[in-house]
Amino acid sequence: MPQITAPRGTRDLLPEEAVAFSHVESVSRDLARRYAFERIEIPLFERVELFARGLGESSDAVEKEMFRVGGARGSDEERAEWALRPEPTAGIVRAFIEHGMHVRPGPLRLTTTGPMFRYDRPQAGRYRQFSQWDVEVLGDPGPAVDAELIELAHRFYAEVGLSGVVAHVNSIGDAACRPPYREALVDHFRPHVERLGEDARRRLEVNPLRVLDDKALDPDLAASAPRSVDHLCEPCREHFAAVLALLDAVGARYEVDHRLVRGLDYYTRTAFEFVIAGREGQQQALGGGGRYDGLVEVLGGRPTAGIGFGIGLDRTVLAMDEQGVTVPPAGPLVAVVGFGDDHADRLRVAATLRDAGLAVRPDGTSRKLGKQLESAAKAGAGWAVIIGEELARGEVGLKDLATGGQRTIGVDEVATAVRG
RNA sequence: GUGGCCUUAGCUCAAUCGGCAGAGCACUGGAUUGUGGCUCCAGAGGUUACGGGUUCAAGCCCCGUAGGCCACCCCA
């Protein structure tokens, strides 16, 4: 029988790697608390139709990266119907509408974390299953929340210990000013269509803004292309100016990137992406987001402003590795060892130490003491509690595995001694 | 989805011209009769990614497949 391996584009996070993920997740959870976001949990799969409408038919995620799944019988009809989520926003907005959450006191601040799925070709930093921390604010049209979210993401990167993260920001206008801008782009590129690649030509017809996304784009043609910020209507212009002013006010680092676009009608105004210095080109985007004031309506709800971002946890951890960022050590680990078959004593003492809040690893074997101590040290224990005759007096041996020093103390004194 | 490079023990890697599959680390046991780390000794660990072909003989040559990395595309 051939060896069964992890599915392509997925990976196992072994304990050594998983600690970094746990740490990053706990940073995100604490930030979500401090920024007053409420947790929401949504399904890992939804109707394909939801993503097609929520992300746009011409987005890469829908056009070529849908991870389709079927029911137990896996008929073609079922496979056509469902897909693993490529991102969480569409599902959250679906839930918002489905449960009438617009009646809740707003603006609503929601957060979720979990795996996302995109069926594209794996590469370092790019997986078919990857984790994202996501925040969304529904019902707040003002520029302050745009700046607050960008500042929040910056704070996240800072608190996990990353440096050199820059926010690229842009404004792509709204339903009023985007159509004329789109026309201006078409007018600019159409005369030079022979200088565009195959992909860019197709985008020019389907979704002209995304021509700017094309990295193969002729540099001169790109540099001379009309900028969205020069075509904003007055309300959009004021909104963008206010966002930038607020970013300056809170000291959030950013660069205006005129080629950053979200090319769909219900994505509006502010778009942003977080990139890390030092890895030009490949997988340098650590996270991204933007405003989607038209999305709730497109999915069948009443008009509601929306904005959010997703942060890639895999890439965050990858960047931490590259920058040599270390994860804070876990609390002290105590091993409980003993002689012969005194397992009842070991378990009782372990339970007492756990009552005091310690992490405890009792040795379940009857090996000789030396092997137990060796095993304890290899498991990462900083201390060994050695049980012997003195347990009758409520005392045990406490050995510091780093220094080798040992003394006899009361069981009820161990927690204090270990925390030192 | 396209192209390039790669795949030998758990990990990092050797193996001359096609001629007995190895080392270090890690793991297990012993020296040390119930106090770890150092040292020494020993052990276990392999369908050489998978499938086929050429050959007296294949880790090595040929074909195919899978997977990894890199580039493109795009994103997180």
Side-chain angles (χ1 to χ4, degrees), chain A residues 1-12 14 16 24 55 58-65 85-89 113-134 153 168 197-200 202-203 210 212-217 260-263 271 273-276 279-289 309-319 335 337-342 363 365-389 397-406:
Chain A
M1 188 171 63
Q3 180 64 45
I4 297 173
T5 57
R8 184 166 204 196
T10 70
R11 60 201 179 126
D12 304 306
L14 305 187
E16 311 80 77
V24 163
L55 302 174
S58 68
S59 65
D60 277 6
V62 168
E63 205 170 55
K64 57 182 199 185
E65 295 168 4
R85 61 184 188 186
E87 56 86 56
T89 308
T113 298
M116 308 297 157
F117 304 86
R118 292 182 201 172
Y119 198 82
D120 56 1
R121 188 139 169 190
Q123 203 171 308
R126 193 176 72 184
Y127 307 99
R128 287 181 175 176
Q129 175 179 334
F130 58 98
S131 288
Q132 240 178 48
W133 173 43
D134 184 77
H168 284 196
E198 184 188 343
D199 209 37
R202 199 173 48 78
R203 288 178 185 177
R210 292 201 65 225
L212 294 173
D213 255 346
D214 187 359
K215 293 210 184 66
L217 190 59
L260 180 60
V261 296
R262 290 280 190 287
E273 200 168 290
F274 293 88
V275 303
I276 187 150
R279 38 175 29 231
E280 292 310 313
Q282 77 284 16
Q283 280 81 52
Q284 64 176 343
L286 296 185
F309 68 65
I311 281 178
L313 301 185
D314 304 79
R315 288 189 183 173
T316 298
V317 170
L318 189 66
V337 301
F339 301 101
D341 290 316
D342 61 346
D363 194 308
T365 73
S366 303
R367 295 176 291 182
K368 57 183 177 183
L369 196 61
K371 288 295 177 189
Q372 294 185 46
L373 289 170
E374 185 180 347
S375 170
K378 282 178 180 170
W383 303 84
V385 164
I386 302 169
I387 296 176
E389 312 235 324
L398 178 64
K399 186 179 180 71
D400 183 333
L401 290 173
T403 66
Q406 182 173 336

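All heavy atoms count here, side chains included; hydrogens, waters and symmetry mates do not. Every chain is numbered from 1, with letters handed out A, B, ... down the list of sequences.
Closest to the side chain of A:Glu65, from the set B:C74, B:A76, B:G68, is B:C74. You'll find that the side chain of A:Arg203 is closest to B:C73, out of B:C69, B:C73, B:A31.
You'll find the side chain of A:Trp133 stays beyond 4.5 Å of the side chain of A:Thr316, heavy atoms only. Looking at heavy atoms from C-beta onward, A:Gln132 lies out of side-chain contact with A:Pro115 at the 4.5 angstrom threshold.
Counting non-hydrogen atoms under 4.0 angstrom, A:Ile386 reaches a base of the nucleic acid. Using a 4.0 Å heavy-atom criterion, one finds that A:Gly388 contacts no nucleic acid atom at all. No contact: A:Ala379 has no heavy atom under 4.0 Å from any strand. Across all strands, A:Gly397 comes closer than 4.0 Å to no nucleic acid atom at all (heavy-atom distances).
Not one side-chain nitrogen or oxygen of A:Lys371 sits closer than 4.0 Å to the OP1 or OP2 atom of B:G37. Applying the 4.0 Å criterion to OP1 and OP2 of B:G37, one finds that A:Lys399 has every side-chain N and O outside that range. Distances shown here put every side-chain N or O of A:Arg8 at or beyond 4.0 Å from the OP1 or OP2 atom of B:A66. A close approach under 4.0 Å does occur between a side-chain nitrogen or oxygen of A:Arg210 and OP1 or OP2 of B:C75.
A straight line from CG of A:Leu369 to P of B:G34 spans 10 Å, rounded to a whole angstrom. Look at CD on A:Gln123: it is 14 Å from P on B:C75, rounded to the nearest Å. Distance A:Phe339 CZ to B:U33 P: 13 Å, rounded to the nearest Å. In this structure, the CE atom of A:Met116 is 11 Å from the P atom of B:A76, given to the nearest Å. If you take CG of A:Asp120 and P of B:G68, they are 12 Å apart, rounded to a whole angstrom. Distance A:Ile276 CD1 to B:C75 C1': 16 Å, rounded to the nearest Å. B:C27 atom P lies 12 Å from atom CZ of A:Arg367, rounded to whole Å. Taking atom CG of residue A:Asp134 and atom P of nucleotide B:C75, one finds them 17 Å apart after rounding to whole Å.
In this structure A:Thr5 satisfies the side chain to side chain donor-acceptor pair (under 3.5 Å) test with no other residue, sequence neighbours excluded.
Residues A:Arg8 and A:Pro122 share a closest heavy-atom pair of CG-CG, 3.7 Å.
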RNA chain B in dot-bracket, Watson-Crick or G-U pairs under 3.5 Å, [ ] crossing, | other strand? (((((((..((((.....[..)))).(((((.......))))).....(((((..]....))))))))))))....
Can you tabulate the close N/O pairs, meaning under 3.5 Å, that link protein atoms to atoms of nucleotides 8-12 of chain B?
none

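The line from CD of A:Glu65 to CZ of A:Arg128 is 10.5 Å long, rounded to the nearest 0.5 Å.
Stacking here means ring centres nearer than 5.5 Å and ring planes tilted less than 30 degrees, and by that measure A:Phe130 stacks onto B:A76.
Comparing B:U39 with B:G45, their C1' atoms are spaced 24 Å from each other, to the whole Å.
One N or O donor and one acceptor, one from the side chain of A:Arg126 and one from the base of B:C73, sit under 3.5 Å apart. Side-chain atoms of A:Arg121 stay outside donor-acceptor range of the base of B:G68, with no qualifying N/O pair under 3.5 Å. Looking at A:Gln406, its side chain comes within 3.5 Å of the base of B:U35 through a donor and an acceptor atom.
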